[in-house]
Amino acid sequence: MAETECAEHPSAPEAEAVDQQALDEVVRFTSDLIRIDTANAGDGTCRERPAAEYVAERLTDVGIEPVLLERTPGRTNVVARIEGADPSADALLVHGHLDVVPAEPADWQVHPFSGEVRDGVVWGRGAVDMKNMDAMMLAAVRQWARSGVRPRRDIVLAFTADEEATAADGSGFLADHHAALFEGCTEGISESGAFTFHAGGGMRIYPIAAGERGTAWLKLTARGRAGHGSKVNRDNAVSRLADAVSRIGAHDWPVRLTPTVRAALRELAALHGIDVDPERPDVDVDALLEKLGPSATLVEPTVRNSANPTMLSAGYKVNVIPGCAVAQVDGRVVPGGEAEFRTTLDALTGPHVAWDYEHGEVALEAPVDSPSFAAMRAAIERFDPDGRTVPYCMSGGTDAKQFSRLGIVGYGFSPLKLPEGFDYQALFHGVDERVPVEGLHFGVRVLDHFLRNVPGCGRPTTG
């Protein structure tokens, strides 16, 4: 079949229509991948290889040559490059992870690894995080291969292991040891953006991620004098730890607005008819968030640093005072907030509790005025003309952190159109995770349009 080059702004809609086979495949691939149990509890027992082999077979079937890579046996990653029509254009990384968080079957309406399709909905762990995006990637590029289409830019596909833990076996391994596979990539897209957020009054918002808070998973250690539980002990490690944990949990972190969050507040305020300038130094951010109603949840977690105590461990018998007590804290840091975070933790833990990073990753920002961001807006609004796109910063993190080591600017763009009642954010890592079939169809159409039309000249600068 003759090869078709996609122009930057194609004028023939029929040339970029997703065919029925691709629509069928995105549903089937999502369901199939869910049935492959890749639950990652963070203890090293996860094995992504069966899912990686499934992905590799789907690529090989249409002549795309994948590379399978492992740091640890069974923790498999898949990388493939699709050559673009313009060799002078920068390459684009499109990545999705193959692992999922664990799920307790007893809590679900359907078995979380059934991949059941019921009443127009695909059920199971990974339906939104993020085997749906993996399936969209496969469906889109397989159609290109069948129809002889080439995107303008080189597209590098990466299906990674271990994102739900430290990424040491996944994107971290790829970035540190296989950088050549990503040569020429200046930007990347992945999860947690371009989903429908229902803001009330019929307003549909599609937040596109252009930033991530940094990861700061901490271990707190208190030491004291061990002894009998019946004796007075002013050097009690458990008490010292409890005091520090209480201070951390009660701390009010100050507002620290980044360029991405300012842009989000400005655009959300305009959509809600609120006259406010987030650039003013005296703006009352918390008061503005109250006026935004449901939309505030898109921004509220990212206007400041945070630190949430999550785990405690001490002692082995009720009448023995231990000499050591340990806690874990999930800290998240806004771009530019690292120094404040460290100083604050030093003050909150005090002289008798030490703290250190169990796992840390950088905060990210990406420009919201880039041609690529504009192309994401255009792709969403082409298929939902009444939808409104806004930039936002993710409260958590993705594999974009590891790929940033290669100079790749990351965006969250895994499009889904969701009806009211489908709370995307609650389904993320939640019970009864599921995705509508029509949402997957919308997603693959939007992704296909974006990947064909995104411009790729010039290296973007971070915001």
So, does S246 use its side chain to make a donor-acceptor pair with the main chain of A242 at under 3.5 Å?
no
Check whether any side-chain heavy atom of F442 lies under 4.5 Å from a side-chain heavy atom of I380, and answer yes or no.
yes
Any salt bridge linking K417 with E438? Criterion: basic side-chain nitrogen under 4.0 Å from a carboxylate oxygen.
no
Could you go through the side-chain contact (heavy atoms from CB on, under 4.5 Å) check for V326 and L220 one step at a time?
CA-CA 6 Å; V326 174; L220 276 58; over 6 Å; no
Reported CG-to-CD distance for the pair N40 and E48, which is rounded to 0.5 angstrom
6.0 Å
Donor-acceptor pair between Q143 and Q21 side chains, under 3.5 angstrom
no
Validation row: R445, F383 side chains within 4.5 angstrom (heavy atoms):
yes
side-chain contact (heavy atoms from CB on, under 4.5 Å) between V437 and V121, intermediate numbers included
CA-CA 5 Å; V437 167; V121 177; over 6 Å; no
Which residue, R153, R152, R452, forms the salt bridge (charged side-chain N to carboxylate O under 4.0 Å, His left out) with D86?
R152
Does a side-chain heavy-atom distance below 4.5 Å link D399 with Q402?
yes
Is there side-chain contact between V435 and L440, with heavy atoms separated by less than 4.5 Å?
yes
Donor-acceptor pair between T215 and E361 side chains, under 3.5 angstrom:
no
Without hydrogens or angle criteria, can the side chains of S372 and E187 be said to hold a donor-acceptor pair below 3.5 Å?
yes
For D119, I'd like to know if atom CG has over 12 heavy atoms of other residues, nucleotides or ligands within 6.0 Å.
no
Enter the distance from T344:OG1 to H251:NE2 here, rounded to the nearest 0.5 Å.
5.0 Å
Below 4.5 Å, heavy atoms only, C-beta onward: do L364 and P335 meet side chain to side chain?
no
Sequence neighbours excluded, which residues qualify as side chain to side chain donor-acceptor pair (under 3.5 Å) partners of D356?
none
Between Y206 and F195 (judged by ring centroids, cut-off 6.0 Å), do the two rings come close enough to count as a pair?
no
Strictly by salt bridge (Lys or Arg N to Asp or Glu O under 4.0 Å), give each pair with a member in residues 296-307 just once, sequence neighbours left out.
D286-R304
With a 4.5 Å heavy-atom cut-off, do V122 and R434 have their side chains touching?
no
pair V156-V94: side-chain heavy atoms closer than 4.5 Å:
no
Judged by modelled atom types alone, do H97 and D129 share a side-chain donor-acceptor pair under 3.5 Å?
yes
Could you tell me whether the side chain of D162 and the main chain of G170 form a donor-acceptor pair under 3.5 Å?
no
Using the side chain to side chain donor-acceptor pair (under 3.5 Å) criterion, which residues pair with T302? Sequence neighbours excluded.
none
Centroid-to-centroid, F413 to F450, below 6.0 Å?
yes
For a quick test of reading the model, state the closest non-hydrogen atom pair linking A366 to G410 and the distance between them.
CB-O, 3.6 Å
Show your working on side-chain contact (heavy atoms from CB on, under 4.5 Å) between L451 and I189 and close with a plain yes or no.
CA-CA 10 Å; L451 292 178; I189 62 168; 4.2 Å; yes
Show the nearest heavy-atom pair for residues G439 and L416, with the distance to one decimal.
O-CD2, 3.5 Å
With no hydrogens and no angle check, just 3.5 Å: does a side-chain donor-acceptor pair link T45 and D43?
yes
Once you round to the nearest 0.5 Å, how far does CZ of F29 lie from CG of D24?
10.0 Å
Is a side-chain N or O of R125 found less than 3.5 angstrom from the main chain of V101, in a donor-acceptor match?
yes
For L138, run the side chain to side chain contact (heavy atoms under 4.5 Å, CB included) check against M133, R58, R28 and tell me which one passes.
R58
With ring centroids as reference points, do H95 and F159 lie under 6.0 angstrom apart?
no
Derivation and outcome, side-chain contact (heavy atoms from CB on, under 4.5 Å), residues H272 and S295:
CA-CA 9 Å; H272 287 273; S295 297; 2.8 Å; yes
Determine, step by step, whether Y411 and S190 satisfy the side chain to side chain donor-acceptor pair (under 3.5 Å) criterion, reporting the C-alpha distance in whole Å, the side-chain angles of both residues, the deciding distance to 0.1 Å, and the verdict.
CA-CA 7 Å; Y411 293 96; S190 190; over 6 Å; no
Are a donor atom and an acceptor atom from the side chains of R262 and T258 found within less than 3.5 Å of each other?
no
Under a 3.5 Å threshold, yes or no: a donor from one side chain and an acceptor from the other, between T389 and E381?
yes
Per the salt bridge (Lys or Arg N to Asp or Glu O under 4.0 Å) rule, what does the pair list look like for residues 195-214, sequence neighbours excluded?
R204-D384, E212-K401
Partner set under side chain to side chain donor-acceptor pair (under 3.5 Å) for T260, not counting sequence neighbours
E365
Measure the spacing between CG of L241 and OG1 of T221 and express it to the nearest 0.5 Å.
8.5 Å
I need the W123 CH2 to W108 CH2 distance, nearest 0.5 Å.
8.5 Å
Keeping D99 on the side-chain end and E163 on the backbone end, is there a donor-acceptor pair under 3.5 Å?
yes
Testing the basics here: between A51 and I36, what is the closest heavy-atom pair and its distance to 0.1 Å?
N-CG2, 3.7 Å
For D282, is the CG atom crowded, meaning more than 12 foreign heavy atoms sit under 6.0 Å from it?
yes
Roughly how far, to the nearest 0.5 Å, is the CZ atom of R405 from the CZ atom of F403?
10.0 Å
Donor-acceptor contact present, side-chain R256 to main-chain W253, <3.5 Å
no
Heavy-atom pair of closest approach, residues K131 and L33
NZ-O, 2.8 Å
Examine distances only and state if a side-chain atom of E433 and a backbone atom of A127 form a donor-acceptor pair shorter than 3.5 Å.
yes
With a 3.5 Å distance limit and no angle check, can you tell me whether H441 reaches the backbone of L23 through a side-chain donor-acceptor pair?
yes
Check: D169 side chain, A161 main-chain N or O, donor-acceptor pair, under 3.5 Å
no
Strictly distance-based, threshold 3.5 Å: is any side-chain N or O of S114 a donor or acceptor partner for the main-chain N or O of H111?
yes
Donor-acceptor contact below 3.5 Å, side chain D90 vs main chain D154
no
Show the nearest heavy-atom pair for residues C185 and I408, with the distance to one decimal.
O-CG1, 3.4 Å
Looking at every heavy atom in both P112 and I34, which two are closest together, and how far apart are they?
O-CG2, 3.6 Å
T343 meets the side chain to side chain donor-acceptor pair (under 3.5 Å) criterion, sequence neighbours left out, with none
Min side-chain heavy-atom separation T196-Y424 under 4.5 Å:
no
